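Remarks on the structure that follows.
Letters A, B, ... are given to chains in the order of the sequence lines, protein chains preceding strands, and every chain is numbered from 1. Fair warning: this is a prediction, and the values are worked out from it, not measured in the lab.
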There are 4 protein chains.
Amino acid sequence: MQQDRSRARQQRILDAALRVFSRKGYRDASVDEIAGESGTSKGGVYFHFPSKDVIYLQLLDRTVARLQDKIEEAMAEHDDPIAKADAALLAVLRTFDKHATLARFFMVEALGAGRQFQRRMAETRAEFAAIIREHLDAAVDQGIIDPLDTEVAAQAWFGALYEVITGWVLVRKPERLEETYAALRPLLMRSVGAEEIRLSTLIKS
Amino acid sequence: MQQDRSRARQQRILDAALRVFSRKGYRDASVDEIAGESGTSKGGVYFHFPSKDVIYLQLLDRTVARLQDKIEEAMAEHDDPIAKADAALLAVLRTFDKHATLARFFMVEALGAGRQFQRRMAETRAEFAAIIREHLDAAVDQGIIDPLDTEVAAQAWFGALYEVITGWVLVRKPERLEETYAALRPLLMRSVGAEEIRLSTLIKS
Amino acid sequence: MQQDRSRARQQRILDAALRVFSRKGYRDASVDEIAGESGTSKGGVYFHFPSKDVIYLQLLDRTVARLQDKIEEAMAEHDDPIAKADAALLAVLRTFDKHATLARFFMVEALGAGRQFQRRMAETRAEFAAIIREHLDAAVDQGIIDPLDTEVAAQAWFGALYEVITGWVLVRKPERLEETYAALRPLLMRSVGAEEIRLSTLIKS
Amino acid sequence: MQQDRSRARQQRILDAALRVFSRKGYRDASVDEIAGESGTSKGGVYFHFPSKDVIYLQLLDRTVARLQDKIEEAMAEHDDPIAKADAALLAVLRTFDKHATLARFFMVEALGAGRQFQRRMAETRAEFAAIIREHLDAAVDQGIIDPLDTEVAAQAWFGALYEVITGWVLVRKPERLEETYAALRPLLMRSVGAEEIRLSTLIKS
DNA sequence: GATGAATGAGACTTCATTCAT
DNA sequence: CATGAATGAAGTCTCATTCAT
């Protein structure tokens, strides 16, 4: 159908926009460049999207949705709540490891892109933290870990992960992002007083 | 003398720039607005600073220097390396608690301000992480904590702190940033396997 | 088609720019004024030309090309090399006589327009002198005139012409530029030791 | 006296201005740069001169006066009117040969510097041409050369000289400007129908 | 007399957005 | 649907000139 073609075009524009925003940041990326990179014209872009803001916002949405899918998928394979949270982090890490463009866009450029996006970014961060928190809470409920301020713990986990990824994006060290996780994981586990879980149970997937 | 007046004016411009950048971010802040906010004219700003970039960079420098001063000061009151690192974090938290403008500028806007600043930001992050790491290393050496990957641990501490502050900047919850530290601290300590140190020894200052 | 419209608009911008540069010189002419004079907006000008420099340069090119066309055309009607050179000078004079704007642009403003154009202007002068020289050389070869330093002679002819035109542009005397040629021509001819050629053979066209 | 100091300061500013204008042209030279080059401050420059225009104009005047002095001096050594005119040209050539900065300022930058200077430049050119003309007229009166349009002849001589000098300024070829005169001189002489004068009588000085 | 801080008009250029073709 | 020409607001930066110190 025509609708398919339209959808495909939109996808191509979003893909191009991701690359351009990732390279230049929101303000320094021009609609012209996005149009060029997507093989369309400026008019074409404006046919599919009402404004540059909206492209950015949709990209943010798409990124969040993809990450959440990955996370849910990864968590589904575990029952233990700590293992679930742990798997979630690893899933995020792996996704960014494969898509450095996405990582730069989401980790580095998004927060300072402009006031108009900050509410959304705050929400997004909260959502991710909420996922972690949910399972930490469950762990507390099930007596796996001692009670603690799970809100702050979730924030701390998220922040630690964020920092490791950002550092990787900016400096590209270590080569593979996943390597760091071997060192990060025990820190996180100990921080909430969780017993070590055999990594093997996590990395099977 | 004239030199004093000049210095004072430069300070006023930097102060104004901090507020404007904090409100709008680098790109959305105009030199005109900085000039207005500092009670000068556009030409006046350009008399004291060669470009908008340089203002931003000097602001970054100034912020880093101030934070490092606070940190050194705080650390000087402790001998135990863990307590030193711990005190450093608290000092940072308190500084931002008092200067929300500075927090927003440094935590939210700076990273995504543009490619031209990212190398500097990466360095800055590395510097702060290095301070933490140094004392974690000392703690390992003195047998206070078990050996661990202190580089990643430092990054994780920094990231956790960063996230807590950023969350506070964006949502302004909790009211006082320092409150969170009561919950954050044990997490960090446990994460490196450190025994609890009585908070009282820290908060005396 | 659209391409035609685009071309036409470019021409209109160049025409307007010629007038404005001729009136004010390169530096004192503003892009705004060129835009206004061409019935476009500033953005419109920048859609068709990447910078003010480029407009100026294209104008220079266009002027040179037009003059060279006139010259070739005029020379084609003569066989005698001296007559050819002579006809070339007359063609240049007549062109400027009809287009005082062009004359002012090319003779008065161009040289001092800025360092970035001086190499081009030097080349241009050399090209015109080369045309004259070529035919003086031919005249020497054919024994029409005695051997002489044709490079300097060509430069001198060009300079004499240039000065006469510049004087006319600045003072607008005599009314018609071509009139001066009656007095200038014998000087030039004698300077290279050429016999007088009947003017009638030249002015038929 | 103080007046001497003031005069000296003015001279230093004018000298500096000559260099800067020669390098950059009128518009691209800044008062700041002139101040710097003259070892003064911007305020200092404005104490001695009311505006940038006036500096330029005084420089023009000074240059003209110096050239005229050289010319008068050179002409005083000859009685024959043709020899006088001839000596004048050579004097100009030699002056510029020694002061390339002056040459660039006066030959290349001055004409296109801006509308405000063009009347003055036109006058100046006319003055120089008038000197030449005067002696050509005398030569006609004394029966040394046949009657001719001395106004145009003077213009042509001036133009030929101008072009040779300008070419030298732009391309710096030949190494020494004076060399060219050996080739240029006979052309000029023949152009007015003058017999060759032994160069030896000219170059003694 | 001299300095350099300050002003403000104006320059070039960019770019999101609109719209005729 | 798509193109690319056009607009106009806004932004960074320059600089001649003025003036308090």
Measure the distance from [atom1] on [X] to [atom2] on [N] and round it to the nearest whole Å.
X: B:Ile55; N: F:dG11; atom1: CD1; atom2: P; value: 15 Å
X: D:Arg12; N: E:dA2; atom1: CZ; atom2: C1'; value: 13 Å
X: B:Phe49; N: F:dT14; atom1: CZ; atom2: P; value: 15 Å
X: C:Tyr56; N: E:dC12; atom1: OH; atom2: C1'; value: 17 Å
X: A:Asp53; N: E:dT17; atom1: CG; atom2: P; value: 7 Å
X: D:Tyr26; N: F:dT14; atom1: OH; atom2: P; value: 19 Å
X: D:Phe21; N: F:dC15; atom1: CZ; atom2: C1'; value: 13 Å

| said: One pair to check against salt bridge (Lys or Arg N to Asp or Glu O under 4.0 Å): C:Asp4 and C:Arg9. What are the steps and the verdict? | reply: CA-CA 8 Å; C:Asp4 287 350; C:Arg9 181 57 74 112; over 6 Å; no

| Along DNA chain E (nearest heavy atom to each residue), the more 5'-positioned of C:Pro50 and A:Ser51 |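 Checking each residue's closest nucleotide, the 5'-ward one belongs to C:Pro50.
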
| message | Looking only at the side chain of A:Tyr46 (C-beta and beyond, no hydrogens), which of the listed nucleotides E:dA16, E:dA5, F:dT7 gets closest? | response |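 It is E:dA16.
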
| task | Just compare E:dT13, F:dA6, E:dA6 and give me whichever is closest to any side-chain atom of C:Arg9. | result |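 The answer is F:dA6.
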
| Do C:Asp61 and C:Arg120 come close enough that some side-chain heavy atom pair is under 4.5 Å? |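 C:Asp61 reaches C:Arg120 side chain to side chain.
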
| said: Is any side-chain heavy atom of B:Leu111 closer than 4.5 Å to one of A:Leu170? | reply: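 Side-chain contact under 4.5 Å: yes.
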
| field | Any strand: nucleotide that pairs with F:dC13 via Watson-Crick or wobble, under 3.5 Å | value |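 By the stated definition (distances under 3.5 Å), E:dG10 pairs with F:dC13.
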
| Mate of F:dT18 where both pairing distances stay under 3.5 Å, Watson-Crick or G-U |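 With both distances under 3.5 Å, F:dT18 matches E:dA5.
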
| task | Could you check whether D:Phe47 gets within reach of a base, just the sugar-phosphate, or nothing at all, counting any heavy atom under 4.0 Å? | result |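 Sugar-phosphate, no base atom in range.
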
| task | Compare side-chain N and O positions of D:His48 against OP1 and OP2 of E:dG1 and report whether any pair is under 4.0 Å apart. | result |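 For E:dG1, neither OP1 nor OP2 has a side-chain N or O of D:His48 closer than 4.0 Å.
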
Please list, for nucleotides 9-11 of chain E, all pairs of protein and nucleotide N/O atoms separated by less than 3.5 Å.
{"unit_1": "E:dG10", "atom_1": "O6", "unit_2": "B:Lys42", "atom_2": "NZ", "d": "2.9"}

| query | How many angstroms lie between atom CZ of C:Arg62 and atom CG of C:Asp15, to the nearest 0.5 angstrom? | reply |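 Output value for this atom pair is 4.5 Å.
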
| request: Any chance you could measure C:Leu18, atom CG, to C:Ile13, atom CD1, to the nearest 0.5 Å? | output: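 The CG atom of C:Leu18 sits 14.0 Å away from the CD1 atom of C:Ile13.
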
| A:Glu33 with A:Lys24: basic N within carboxylate O range, under 4.0 Å |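 Result for this pair is yes, salt bridge flagged.
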
| query | Taking the six-membered ring of D:Phe21, is NZ or CZ of D:Lys52 closer than 6.0 Å to its centre and within 45° of its axis? | reply |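 No - D:Lys52 does not lie over the ring of D:Phe21 by the 6.0 Å and 45° rule.
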
